[in-house]
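Below, read A as the first sequence line, B as the second, and so on, with proteins coming before strands; counting in each chain starts at 1. Side-chain atoms are counted along with the backbone in the values below, which use heavy atoms only and exclude waters and symmetry mates.
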Amino acid sequence: MSKMIDEKSWQRVWESEEVFASEPDDREKFLITVPWPYTSGPLHVGHGRTYTIADIMARFLRMTGYNVLFPMGFHESGTPIGSISHKIASGDKRTIDLYRKYISQYDSGENVDEILKGFEDPTKVADYFSDKIINDFIALGFSIDWRRKFRSIEPNFSNMVKWQFRQLGKQDRLKKGSHPVLFSIDDGNAVGEDDIEDGDTDKVAIEKFLVVLFKASGKDFYLGAGSLRAETIFGITNLWYNPDITYVLMNVDNKKVVVSQWCSKKIENQIQNVEVIRTISPEEFANETFSVPLAQKHVKIFQNRHLKEGQATGIVYSVPGHSVNDLSYLNEYEILIEPIEIITVKGKISSARAAMKKFNEPSEANLQLYREEYYDGIMVEKLDIIGGLSVKDARERMFNVLKEKDLGFDFYECSREARTRDGKPVIVAVIHDQWFIDYAQPQWKEETIAHVKNMEFKPDFYSTNMVDIINWLEERACARQRGLGTRLPQQEDWVIESLSDSTIYPAYYTFSHLITENNGNELTDEFFSYVLQGKNVNGYKPSPLAISCRNSFQYWYGVDRRITSAAHMSNHLAFYIFNHVALFEEKFLPKGISIAGMVISNGAKISKSKGNAVSLMDVVNTHGADIFRLYVALVAELDSTLDWNEKEVENIHGVYNSLSNIFSAVVESGINKKDPGLYMDVFLAKFRIHLGHYAAMMEKQQVRGASVEIIYEVLKDLGELSSLGLDQIKATEKIMQQWLKALSPIVPHLADHYWRAFGNESLLEREIIHIEKVNESDENLISQFEYVKGIIRDVRDIMNVTKIKPSQIDITVCGPQLATEIERISKGDVDVRNKSIIGLVKKYRGKIQTGLDENRALTIFGKMIETVFTSKVHCTIMDSYTSGKLPMPGRPTITLTGDKNE
RNA sequence: GCGGAGGUUGCCGAGCUAGGUCAAAGGCGGCAGACUCAAGAUCUGCUUCCGUAGGGGUUCGCCGGUUCGAAUCCGGCCCUCCGCACCA
């Protein structure tokens, strides 16, 4: 653990001095944002990472002269907060325990229950956690302009969202249609991943089935069998039903269809104008034969108790040629039917029978067969309608033909059996008047892709990734019938879905601090058209407020950099770009997106159900802001996975202590130390180089690389000084000002503390850093120093091999004439005086280093060798070779004399 | 399957976009030494193999190719991870 400086007091100084309250001026602006967090609970270290990186970048850019705006707000729209309130109100123990735990992190004892009670109102949940998040973020030292904060459900902002949707409507980008969603019949509403038991770990997908209709001979009804594999129709040998399931006769599209009772409920929620006529006993159909659609044949139906009530229609058509299950059922019930095989894979007939022989496990056999046939399968030629087609094409063809001929209808089913968290079954329902944003429009896609190509992505492969996503995106359901948020202006009983209301909201940051609650009725569509688009709609005369908002918007807007996680790529970020392209002029469009890698905890993925989410607040309280910031900066580059683990945190404390120890030593020692002379020059030259690298890497957004350079590398150089017996404090003092500036984006509290202690009046947040150019004499000096260090390494190597403890070290460097000859030989010219050295030179050709004044290097730094080995050093120059070892440029000969040390 | 990322020395993890200075940064772990009564902390050195002179051998998923030269470029193969939606 480290002895931390008082971070809170610096945070108070920053606040009272308003150092992060950004206003337009004549500097170049830089707007940096991170997606607003969803306020359903406390944040964990994963959230902390993106904001910390953004803050480090913001502080660095400020220091290099940009006018930086770093705002944030809170996302409170959507359904999860509502369902939390609902669960608390209805006494759900798990939720109550969880939220009691959350509240106890911030509030004590008797307050907890009262606050918890309040959570029965969803807005209280949202507001409670947004307030706490503000405190956490202030405690992390983020340079956020808090004046601009707002919540996604506040009325003033809602006005802008409504404006946005009216614009999209006018531009014909909204449409209505039907749409399948996961649904709870008992609750009467759609359910999200959050509402489903294990929904976050085991996703439930919606699968599209076709219910194929089999006419009962001589009767007026059909059996409805659900299938994902319509192409296997011609392989049908029989049907299955389960006598334990209750079946009903229902009217679908003017046909009487038999399905399970449970299925009829699903159909009622998917297809309009259907009704259940009566239950039907299996005896009424078990002895019939049924006509297979499109095939001139009739098949029987058999009992099969493996069929599950919850799965599709409760009636299955049997294709033993291509289904391992059907084949094994036939065997089990001892039904003698020959499978019909109608699919070839790579020229050979594919069959369930063969697959069963190949794989021991039936489920594995089924999976492999399914894959093989789906991706490589071809229908046999002789088949009607689909002969010779690929399985994929045949399936689609069959779907269409059956529907056209009224022999099938669409049916949606969950990919697994799913229940809500309180145990109610989840089905798929079709919403028939769903609102969509039509991201499928080709023109819109094209413009959006064109803009993506102008944007800067980090890492840059996400740029092509984004183009793919945009191409793939289709209509997006943009409104729901429950949850918090803005009402859809086109139809006020719908609420705008929570990702669709968070696309252009960063624009609101540019003027949110100018708007007060009293301005509500001024925020009309005309107002926003003026502020965001510069248009005077319906003869709108801008008010003073509108004009100042417009000015602020024009100065700041265009998000220069947005830092977020890869999870947002295919939804939030894509919508963000789409909507900006639809509504804003080119110059206000997003410019850069930087994608952060995952955050894991002690090697494992963070998930709420595992309970390994490390609360951000805990981290700040136990370790302090600067430790967390150092951790984020040093442990992993933004695009790679960051592992939060306790062992590593300890190391970071070590780094922090090294820095604060050296700084306090400087501050306490006064300036009476002896100047280490030339070594100091080497150190300073190296520091200039590190600083240059640091700035270059920061500009390339390589925060880790930059931090390593300015922390580890500089500390290493200081360590080197001390191992030479020189004074670190004097050295640190010389670089102190620049070093603190460079460190301040990473550890702002520590930096400000020592900046002040070192006698500066100002705040580092208002300082500008000037990066000096590295000059040639710096580089020469360093290479001379490194040369001597190389000799020390060599001596050490020789000592290790020979076990000699040297009392004298003889070093012979290559003189200028000899060097010229050696260089000529190394270039292939062997017409030289000393033929005898040719062989030696060729052997070491790769190791020759020219352009270095070795004699001078030894004169300056030779004493180092004596200090390290406590032995005499004797240097000579050899300029004409006679015999023995040959010194070459950059590679002197070394001879040790002394006792053997066993 | 499609799309994306990646496989580096005991472990984690740089480097590979501009091939040589890479036996390959840094950290962890391990070993030795200094300090200490001792432990811890800290500091120093070592940590692929061989070697009585700074050298040599074999390494960067596997197999080939390009090149004077490849962890780095090209082709193939094997394996791992992530996304595939209406959910924040």
What one should report as the nearest heavy-atom pair of Arg49(A) and Gly597(A) is NH1-O, 3.0 Å

When rounded to whole Å, the CD1 to C1' distance for the pair Ile496(A) and C87(B) reads 17 Å

Self-check item: Nearest-Å distance once atom P is located in both C31(B) and G40(B)
Solution: 11 Å

One should read off an interatomic distance between His75(A) NE2 and Ile153(A) CD1, to the nearest 0.5 angstrom, of 10.0 Å

Between Phe129(A) and Phe74(A) (judged by ring centroids, cut-off 6.0 Å), do the two rings come close enough to count as a pair? no

Please report the distance separating the P of C16(B) from the corresponding atom of G6(B), rounded so that it comes out in whole Å. 13 Å

Whether each nucleotide of nucleotides 1-10 of chain B has a protein heavy atom under 4.0 Å at its base (B), only at its sugar-phosphate (S) or at neither (-) is summarised, 5' to 3', as B-SSS-----

Q.
Just checking Gln441(A): does its CD atom have more than 12 heavy atoms from other residues, nucleotides or ligands closer to it than 6.0 angstrom?
A. yes

Taken to the nearest whole Å, CD/Glu709(A) to P/A14(B) is 17 Å

Separation of G27(B) atom P from Ile711(A) atom CD1, nearest Å, is 14 Å

Exercise. For His75(A), answer base if it contacts any base atom (sugar-phosphate contacts may also be present), sugar-phosphate if it contacts only those atoms, and nothing otherwise; contact means non-hydrogen atoms under 4.0 Å.
Key: sugar-phosphate

Atom CG of Asn657(A) and atom P of C43(B) are separated, to the nearest Å, by 11 Å

query = Do Glu497(A) and Arg476(A) sit within salt-bridge range, that is, some charged N less than 4.0 Å from a carboxylate O?
reply = yes

Worksheet item: Any side-chain N or O of Ser498(A) under 4.0 Å from OP1/OP2 of A88(B)?
Response: yes

In whole angstroms, the gap separating P of A53(B) from CD1 of Ile811(A) amounts to 19 Å

* Asked: Will you find, in the side chains of Asn571(A) and Tyr576(A), an N or O donor that is under 3.5 Å from an N or O acceptor?
  -> no

Check your understanding: Is the distance between the ring centroids of Phe578(A) and Phe575(A) under 6.0 Å?
Key -> no

Whole-Å distance, Tyr712(A) OH to G26(B) P, equals 11 Å

In whole Å, what separates the C1' atom of C68(B) from that of U52(B)?
35 Å

- [ ] Please determine if a side-chain N or O atom of Arg480(A) lies less than 4.0 Å away from the OP1 or OP2 oxygen of C87(B).
- [x] yes

The Watson-Crick or G-U wobble partner of G19(B), with both key distances under 3.5 Å, is none

Mate of G26(B) across any strand shown (Watson-Crick or G-U wobble, both atom pairs under 3.5 Å) is C12(B)

How far, in whole Å, is A25(B) from C77(B) if one measures between their P atoms? 33 Å

Fill in: Nearest-Å distance once atom P is located in both C12(B) and A18(B)
29 Å

Quick note, Trp472(A) side chain, CB onward, closest among A88(B), A85(B), A25(B) is A85(B)

Exercise for review: Please test Ser152(A) against Ser77(A) for side-chain hydrogen bond (donor to acceptor under 3.5 Å, both in side chains), starting from the C-alpha separation and ending with a verdict.
Suggested key: CA-CA 6 Å; Ser152(A) 69; Ser77(A) 340; 2.7 Å; yes

In short, side chain to side chain donor-acceptor pair (under 3.5 Å) pairs touching residues 701-714 of chain A with sequence neighbours left out are Ser594(A)-Gln701(A), His690(A)-Glu709(A), His693(A)-Glu709(A)

Taking a pair to mean Watson-Crick or G-U wobble geometry with both distances below 3.5 Å, U44(B) pairs with A32(B)

Answer with base, sugar-phosphate or nothing: what part of the nucleic acid does Leu473(A) contact at a heavy-atom distance below 4.0 Å? base

Looking only at atom P, what distance separates U47(B) and C22(B), rounded to whole Å?
-> 16 Å

*For Ser502(A), report the nucleic acid contact type (base, sugar-phosphate, nothing); a contact means any heavy atom under 4.0 Å.*
nothing

| task | Determine the Euclidean distance between corresponding C1' atoms of A32(B) and C82(B); express it in Å to zero decimal places. | result | 44 Å

**OP:** Quote, to the nearest angstrom, the P distance that separates A38(B) from G27(B).
**Re:** 28 Å

Using Watson-Crick geometry (N1-N3 plus N6-O4 or O6-N4) or G-U wobble (N1-O2, O6-N3), each under 3.5 Å, G83(B) is paired with C2(B)

Closest to the 5' end of RNA chain B, once Arg704(A) and Ser570(A) are matched to their nearest nucleotides, is Arg704(A)

Lys700(A) NZ to A18(B) C1', in whole Å, measures 11 Å

note: Glu497(A), atom CD; C86(B), atom P; distance rounded to Å ~ 11 Å

Contacts of Pro180(A) and Val635(A) projected onto RNA chain B by closest heavy atom; the upstream (5') one is Val635(A)

